[in-house]
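The first residue of the sequence shown is numbered 1, and numbering continues consecutively from there.
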Amino acid sequence: MPEIYITSRELIQTLKISDQELIDTEHFFDSVPDDEWELIEGKDYKVIVQATGLREYTFAGAYTIAKYLEKTKKETFWDKLKEWFLHTKKKINQAFIRKKILDNCSSLVKRNNQFFISKSNAVAIFCTKADYLKKIDEAARKREPDPLTKGIDYEDFIDEGGLYYSLSGIYKLAQALNESLTKKNRREWCKDVGDVIIHQIDRIVAQIKKRDKNIQTAMNRVKKRDKYICQVTRQRQNKINQLKLAAHHLYSQIQYPYLADVEHNLITLASDVHEQFHQHYMGGSAKSCTIDHFIDFVHKCYPDNADVIIWLEQQKLVLGSPQPVDKRKPHVLYLPAQKVS
């Protein structure tokens, strides 16, 4: 857990004191260094604006101020500060959990109107071991009054590679882990997984669907940018020539998904040219391609079109040297929208 700092504004709001009361308290500590009360820069606080002396406090520094105010003002400040700290600590902890979920749910799939993730993803999110999760799984299936139930909380998806848990199943596993673990921090982690996973998956699915729309928007914009002209054959789509057009990804969506909605990575082609490139030149639409493949294709099949070669070389400079994603560990945000719809 990183050091938690409370800003001066947050400290004032938490302790329900005025700006001047905090300034006077800081002045007291600064002017009487040998008193029983002390604040040490670097340990209890850090100065974030040198010109004004504005500070942020560690929990130890904020604690010292709260205790000093209690003694001098005869009011309860410690309970207010403790409540803030516990709430902030929980928010930070849940932020780490949301990141853990984001990085470990590439197996996400929607079946029977429910979202499921694989057992291996669940193991990673709970920060546990496969054999221990199996033990908890077995116990949760017998747990009353709400056992882990097949078809609702878990399912064997043969086409996806085995055991998958629904979000309700993850919640029930989180409860079972919270009851069985002995270390408090591990119990809290697992409990919080159950509390945040539904909302986090909702956010992730929203981003996947938004990305899918962004890709389609980019493809439409590129056709308009290219004036509905095939950039290789120079054929134009109009009311007489109902030419079918496609927006081609110079770096394929398969291995370069992060470029899928980048307009510099797209070019307008007649559909038959698009098919010619993928099916005949590359050997199938499932084959990953790069801009170099397409440049070579134009050189060999459309050698008279020097203008598009120049444009492609310019796009190559703009796009830089993109690296393909690791197929063994795809990221959830690059999942096809139909997988979660």
Ionic contact status for Glu21 with Lys73, cut-off 4.0 Å = yes
Given side chains that start at C-beta, do those of Tyr165 and Leu163 come closer than 4.5 Å, heavy atoms only?
-> yes
Given side chains that start at C-beta, do those of His331 and Val325 come closer than 4.5 Å, heavy atoms only?
-> no
Would you say Leu269 and Ile309 are hydrophobically clustered, going by side-chain heavy atoms of ILVMFWY under 4.5 Å?
-> yes
Is Asp192 salt-bridged to Lys90, going by a charged N under 4.0 Å from an acidic O?
-> yes
Over all atoms of both residues, closest heavy-atom pair of Ile201 and Ile101 | CD1-CG2, 4.1 Å
Output the distance between atom SG (Cys289) and atom CD (Gln253), rounded to the nearest 0.5 Å.
-> 10.0 Å
Heavy-atom distance under 4.5 Å between the side chains of Tyr256 and Leu250, does that happen here?
-> no
Note: Lys316-Asp292 ion pair, threshold 4.0 Å (strictly below) = yes
Between Arg111 and Phe116, is NZ or CZ placed under 6.0 angstrom from the six-membered ring centre and within 45° of the ring axis?
-> no
Assign the ring pair His274 / His278 to parallel, tilted or perpendicular, where the plane angle (0 to 90°) is split at 30° and 60°.
-> perpendicular
Residue pair Tyr302 / Gln276, side-chain donor-acceptor N/O under 3.5 Å | yes
Cut-off 3.5 Å, side chains only: do Asp24 and Gln20 have a donor facing an acceptor?
-> yes
Classify the side-chain pair Thr290/His293 by whether it contains a donor and acceptor separated by less than 3.5 Å.
-> yes
Can you spot which of Arg143, Lys191, Arg187 makes a salt bridge (charged side-chain N to carboxylate O under 4.0 Å, His left out) with Glu179?
-> Arg143
Which pairs pass ring-ring contact (aromatic ring centres under 6.0 Å, His included) with one or both residues in residues 168-224, sequence neighbours excluded?
-> none
Does the pair Asp272/Lys244 count as a salt bridge with the N-to-O cut at 4.0 Å?
-> no
What's the verdict on salt bridge (charged side-chain N to carboxylate O under 4.0 Å, His left out) for Arg9 and Asp19, showing C-alpha distance, side-chain angles and the deciding distance?
-> CA-CA 8 Å; Arg9 177 55 54 197; Asp19 295 4; 3.0 Å; yes
Are any non-hydrogen side-chain atoms of Asn265 and Leu319 less than 4.5 angstrom apart?
-> yes
What are the two closest heavy atoms between Cys105 and Val332, and how far apart are they?
-> O-CG2, 3.3 Å
So CD of Gln200 and NZ of Lys100: to nearest 0.5 Å the spacing works out to 13.5 Å
Steps toward side chain to side chain donor-acceptor pair (under 3.5 Å) verdict (Ser168, Tyr154) | CA-CA 9 Å; Ser168 65; Tyr154 70 92; over 6 Å; no
Just wondering, do Leu335 and Val109 contact through their side chains at under 4.5 Å, heavy atoms?
-> no
When rounded to the nearest 0.5 angstrom, what distance separates CG in Asn121 from OG in Ser107?
-> 3.5 Å
Got a salt bridge between Arg211 and Asp261, using NZ or NE/NH1/NH2 to carboxylate O under 4.0 Å?
-> no
Looking only at non-hydrogen atoms, find the nearest pair between Asp44 and Ala60 and report the distance.
-> OD1-CB, 3.7 Å
Stepwise side chain to side chain donor-acceptor pair (under 3.5 Å) test for Gln235 and Thr233 = CA-CA 5 Å; Gln235 291 176 281; Thr233 65; 3.1 Å; yes
Go through the steps for Gln216 and Asp212 under the test side chain to side chain donor-acceptor pair (under 3.5 Å), then give the verdict.
-> CA-CA 7 Å; Gln216 191 58 53; Asp212 190 62; over 6 Å; no
Compare all side-chain heavy atoms of Thr7 with those of Leu11 and state whether any distance is below 4.5 angstrom.
-> no
Separation between NZ of Lys67 and CD1 of Ile65, rounded to the nearest 0.5 Å | 14.0 Å
Salt bridge check: are Lys135 and Asp131 linked by an N-O gap of less than 4.0 Å?
-> no
Give a yes-or-no answer on whether the side chains of Asp156 and Tyr164 include a donor-acceptor pair shorter than 3.5 Å.
-> no
Could you label the plane-to-plane angle of the Phe277 and Phe294 rings as parallel, tilted or perpendicular, counting under 30° as parallel and over 60° as perpendicular?
-> perpendicular
Going by the angle between their ring planes, with limits at 30° and 60°, are Tyr68 and Phe28 parallel, tilted or perpendicular?
-> parallel
What do the steps show when you test Arg55 against Asp30 for salt bridge (charged side-chain N to carboxylate O under 4.0 Å, His left out), and what is the final call?
-> CA-CA 13 Å; Arg55 302 174 181 182; Asp30 293 344; 2.5 Å; yes
Compare all side-chain heavy atoms of Val222 with those of Arg225 and state whether any distance is below 4.5 angstrom.
-> yes
Between Tyr132 and Ser180, which heavy-atom pair has the shortest distance, and what is it?
-> OH-OG, 3.1 Å
With a 4.5 Å heavy-atom cut-off, do Val308 and Asn305 have their side chains touching?
-> yes
How would you list all residue pairs meeting side chain to side chain donor-acceptor pair (under 3.5 Å) that involve residues 75-86, not counting sequence neighbours?
-> none
Taking atom CZ of Phe126 and atom CD1 of Ile197, what is their separation to the nearest 0.5 Å?
-> 6.5 Å
Linking I/L/V/M/F/W/Y whenever any side-chain heavy atoms sit under 4.5 Å apart, do Ile267 and Tyr281 land together?
-> yes
Would Tyr57 and Glu26 count as having a side-chain donor-acceptor pair, cut-off 3.5 Å?
-> yes
